[in-house]
There are 2 protein chains.
Amino acid sequence: MKITDVARHAGVSPSTVSYALSGKRSISADTRRRIEASIRELGYRPHAGARALASSRSNVLALVVPLRTGMHVPVVMQFAVSVVTTARRHDHDVLLLTQEEGEEGLRRVADTALVDALIVMDVQMHDERLPLLRALDRPSVLIGFPAEPAGLTCIDLDFRAAGAACVQQLALLGHRCVALIGSPPEVYLRQTGFAQRVAEGFTATATRHGLTSSVHPCEASPAAARAVAERLLREHPALTGVVVHNEPVLEPLVDAFEQFGLRVPGDLSITAICPDEPAARTRVPVTSVAIPTAEVGARAVELLMRKLDGAPVPEATLLAPRLTLRGSAAPRA
Amino acid sequence: MKITDVARHAGVSPSTVSYALSGKRSISADTRRRIEASIRELGYRPHAGARALASSRSNVLALVVPLRTGMHVPVVMQFAVSVVTTARRHDHDVLLLTQEEGEEGLRRVADTALVDALIVMDVQMHDERLPLLRALDRPSVLIGFPAEPAGLTCIDLDFRAAGAACVQQLALLGHRCVALIGSPPEVYLRQTGFAQRVAEGFTATATRHGLTSSVHPCEASPAAARAVAERLLREHPALTGVVVHNEPVLEPLVDAFEQFGLRVPGDLSITAICPDEPAARTRVPVTSVAIPTAEVGARAVELLMRKLDGAPVPEATLLAPRLTLRGSAAPRA
DNA sequence: GCTCTGAGTCGAAACGCTTCGACGCGGGAA
DNA sequence: TTCCCGCGTCGAAGCGTTTCGACTCAGAGC
């Protein structure tokens, strides 16, 4: 079943069928109807490879997913699903690449014209792939911000503002001594942008409000959570507000604080940056800023589509944080 | 940069370059060296679309991932990563499809020759996609077993044997009254094969050993875990052995039993079917059968490669369960 | 009535690779 | 010596689209 078969069946030339399919030239209503009927009747499907060759567009996007320790897998998957469904809406498919393939993988899919464009997740402050992405002849979008985003297109939640929002809420409620319980140490060591930015937003805003503040990386285990909680209470007896940016330890932390005799939010107020689901299911539902994975994924694809159309796009897209109040933060006693 | 450029630079014909690249005809060592040097020097990369068109092979596999409730996302991701890395080892890439695309999605990527073959995860007993997969002109492999696997190629852990192994271990340790705490009810309602088969293996083996046994679906929440534990102790006072096939509730269950005054493994022995990591990190590490995601993914790809080569492959590949002893199961007091 | 324009269609030339058949050549068998 | 075979290479014919330029035909403008 090729385009010439359809053309013959509909009594037109192959090019007319092609134009009817792509809409790049006008076709009379009658001809279009005949062509569509023939396509249906013959069950014709254009050959992806032939199309890619002739048009130099594969209609495939590459998505590079991270699989390093410390990454929260379900969140990664949410991005991926959002990217795939949005890409489909724009008539594109998604090729899955693992971080592990590295620069060579990016170069390969770009240079062989397997993909038209790339989406890269889990960007580090000084990511090795940045020079390559800048040099590549295919457009790309980063989910996450490196230290120097010039010449790239980046999108993400505004983590600095998110950190600020969490501490500001505590400040408004009258808390004077706060702590940030953050990602595992290796995430900071790798200089993953979002972790660092949360800490910056947290500290800057705490300072601006005249609060006493401290930052505590924390492994993603219940034991680590308990240890951090214990240390916090010992070293900062005046502590009444905590910001958590570490999904897996949220629940263990709440448990630990309560076991140490602190009521949430009576004695201790908590705000968090994490997906809604875990925030809502803790003993005391936690006031939190969610990571808008669906929106980030969708907008990443849309940015790419505009770049593919040759339209200009903003280099940086920062999504404003939205704080959902759930009752884990209350006025200071 | 095209193959003719390389050919000219190396002083040979384009077809010779092609044969040097594919190895489908013999090339003298000297010519091959010259060609390789030219390729490196010019930075040549074959155009994927042109290749697909001429050879009618895209070197891309489709992977259909599930995203329905009850699926455990990290496990899905492990399969996906294993599929991608193995595919790369065989010089193939992976196109990511969501369940949601349904039959039309499968048909589309197959009929447009976007992919050479398909891998489908999360197969149900009476999956709607089976007739299509049988009819498609591209080979496919299912991860999971439907009720009627004839005419298909399927691979998975032998869940029946896994259920049997878990209960047999308890039987050997002298337990006489056992229970299976299974997946959420909706998983059974959807007739997902693996859940049903675990229950079958569990029940059959318990019966064969003359044990008293019962099966209990369980939602994936700590509250549900606690409720099931409570009910179990009330209704089956003689209970001394439990098999858990529900990863998220494993830890809450252990906690619940201990809170009800049962020591593990002193008063209650537990075995489980779940990934190693959660089994190992509970208060009492749990003797378990792991789902060999890496092996399943890799072998699925390898089966597909053999089918693409026209070689015969077994319709069913059942991986034998391997029980890892961790101390949560002990002889009956 | 004549040109000009634009809508609708066609033919042919790419697009960059693979593969088939053929050819030249040297070595082993007869 | 002749014949045959197989190795290494080449030329040309696809593979199934898209796209460019050109053509036809009506209708509008004058």
Side-chain angles (χ1 to χ4, degrees), chain A residues 1-36 38-39 42-60 91 108-116 137 308 310, chain B residues 1-36 38-39 42-60 91 108-116 137 308 310:
Chain A
M1 246 345 90
K2 13 202 258 190
I3 202 171
T4 51
D5 299 325
V6 175
R8 192 172 325 113
H9 187 273
V12 297
S13 79
S15 54
T16 303
V17 176
S18 177
Y19 285 122
L21 244 29
S22 70
K24 293 192 179 173
R25 284 197 184 174
S26 51
I27 298 287
S28 69
D30 176 57
T31 305
R32 158 166 288 122
R33 254 194 309 280
R34 283 209 324 282
I35 291 175
E36 282 166 0
S38 297
I39 288 178
L42 301 181
Y44 165 73
R45 298 277 197 164
H47 187 287
R51 209 169 240 228
L53 176 57
S55 67
S56 48
R57 276 298 181 83
S58 68
N59 275 34
V60 175
D91 197 30
R108 181 176 58 81
V109 296
D111 289 353
T112 60
L114 225 195
V115 307
D116 294 335
D137 52 343
L308 283 172
Chain B
M1 246 342 95
K2 12 203 258 188
I3 201 170
T4 52
D5 298 326
V6 175
R8 192 173 324 114
H9 187 273
V12 298
S13 79
S15 53
T16 302
V17 176
S18 177
Y19 285 123
L21 244 28
S22 69
K24 293 192 178 175
R25 284 196 184 175
S26 51
I27 298 288
S28 70
D30 176 56
T31 305
R32 157 166 288 123
R33 254 193 309 280
R34 283 209 322 282
I35 291 175
E36 283 166 359
S38 298
I39 288 178
L42 301 181
Y44 166 73
R45 296 277 198 166
H47 186 287
R51 214 173 239 232
L53 177 57
S55 67
S56 49
R57 277 298 181 83
S58 68
N59 275 33
V60 175
D91 197 30
R108 180 175 60 82
V109 296
D111 288 353
T112 61
L114 226 196
V115 306
D116 294 336
D137 53 342
L308 283 171

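Small disclaimer: the values here were computed from a predicted structure and weren't measured. Note that these values count all heavy atoms, side chains included, but never hydrogens, waters or copies made by symmetry. Sequence lines set the chain letters: A, B, ... in the order given, protein chains first and strands last, and positions in each chain run from 1.
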Q.
For the OG atom of A:Ser28 and the CZ atom of A:Arg34, what is their distance to the nearest 0.5 Å?
A. 7.0 Å
Q) Which listed nucleotide (C:dT19, C:dT9, C:dT18) is nearest to the side chain of B:Ser15? A) C:dT19
Q) Should A:Tyr44 be listed as having a side-chain N or O under 4.0 Å from OP1 or OP2 of D:dT17? A) yes
Q: Starting at OG of A:Ser26, measure out to CZ of A:Arg32 and round the result to the nearest 0.5 Å.
A: 8.5 Å
Q | Distance, rounded to the nearest Å, where A:Met1 contributes CE and D:dT17 contributes P | A | 10 Å
Q | Between C1' of C:dG16 and CG of A:Leu114, the distance in whole Å | A | 14 Å
Q) Which part of the nucleic acid, if any, lies within reach of A:Arg32 when heavy atoms closer than 4.0 Å are counted: base, sugar-phosphate only, or nothing? A) nothing
Q) Checking only heavy atoms, does the side chain of A:Tyr19 share a donor-acceptor pair with the base of D:dC20 at less than 3.5 Å? A) yes
Q: Return no unless some side-chain N or O of A:Thr16 is found under 4.0 Å from OP1 or OP2 of C:dC10.
A: yes
(Q) Check the phosphate of C:dG8 against A:Thr31, side-chain N and O only, distance under 4.0 Å to OP1 or OP2. Yes or no? (A) no
Q) Just to confirm, is there a sub-4.0 Å distance from OP1 or OP2 of C:dT18 to any side-chain nitrogen or oxygen of B:Arg51? A) yes
Q) To the nearest Å, how far apart are A:Asp30 CG and C:dT9 C1'? A) 13 Å
Q: Would you tell me if any nitrogen or oxygen in the side chain of A:Lys24 comes within less than 4.0 Å of OP1 or OP2 on D:dT18?
A: no
Q: Supply the atom-to-atom distance A:Ile39 CD1 to A:Ile3 CD1, rounded to the nearest 0.5 angstrom.
A: 7.5 Å
Q. Choosing from C:dC17, D:dT18, C:dA7, which nucleotide comes nearest the side chain of B:His47?
A. C:dC17
Q | B:Ser55, nearest nucleotide to its side chain (from D:dT9, C:dT19, C:dG16) | A | C:dT19
Q. Rounded to whole angstrom units, what separation is found between the CZ atom of B:Arg33 and the P atom of D:dG8?
A. 13 Å
Q. What is the distance, rounded to the nearest whole Å, between atom CD1 of A:Ile3 and atom P of C:dA13?
A. 18 Å
Q) Hey, what do you get for CZ (B:Arg51) to CG (B:Leu21), rounding to the nearest 0.5 Å? A) 5.5 Å
Q) Do B:Asp5 and B:Arg8 meet the salt-bridge criterion of a basic N to acidic O distance under 4.0 Å? A) yes
Q: Would you kindly give the CD1-to-P distance between A:Ile39 and D:dG16, to the nearest whole Å?
A: 16 Å
(Q) Looking only at the side chain of B:Lys2 (C-beta and beyond, no hydrogens), which of the listed nucleotides C:dG16, D:dC10, D:dC20 gets closest? (A) C:dG16
(Q) Counting only side-chain heavy atoms from C-beta out, which of D:dC15, C:dT9, C:dA7 sits nearest to A:Ile27? (A) C:dT9
Q: Would you indicate what B:Ser18 reaches in the nucleic acid, counting non-hydrogen atoms under 4.0 angstrom: base, sugar-phosphate, or nothing?
A: base
Q.
Would you say A:Ser56 places a side-chain N or O within less than 4.0 Å of OP1 or OP2 belonging to C:dC15?
A. no
Q. How long is the line joining CG of A:Leu21 and P of D:dG16, in whole Å?
A. 16 Å
Q) B:Ala29 or A:Leu53: which one's nearest nucleotide on DNA chain D is closer to the 5' end? A) B:Ala29
Q.
I need the CZ-P distance between A:Arg57 and C:dA14, as an integer number of Å.
A. 22 Å
Q: Establish, with yes or no, whether the OP1 or OP2 oxygen of C:dA7 is under 4.0 angstrom from a side-chain nitrogen or oxygen of A:Arg25.
A: no
Q: Report the distance from atom CZ of A:Arg25 to atom OG of A:Ser18, rounding to the nearest 0.5 Å.
A: 10.0 Å
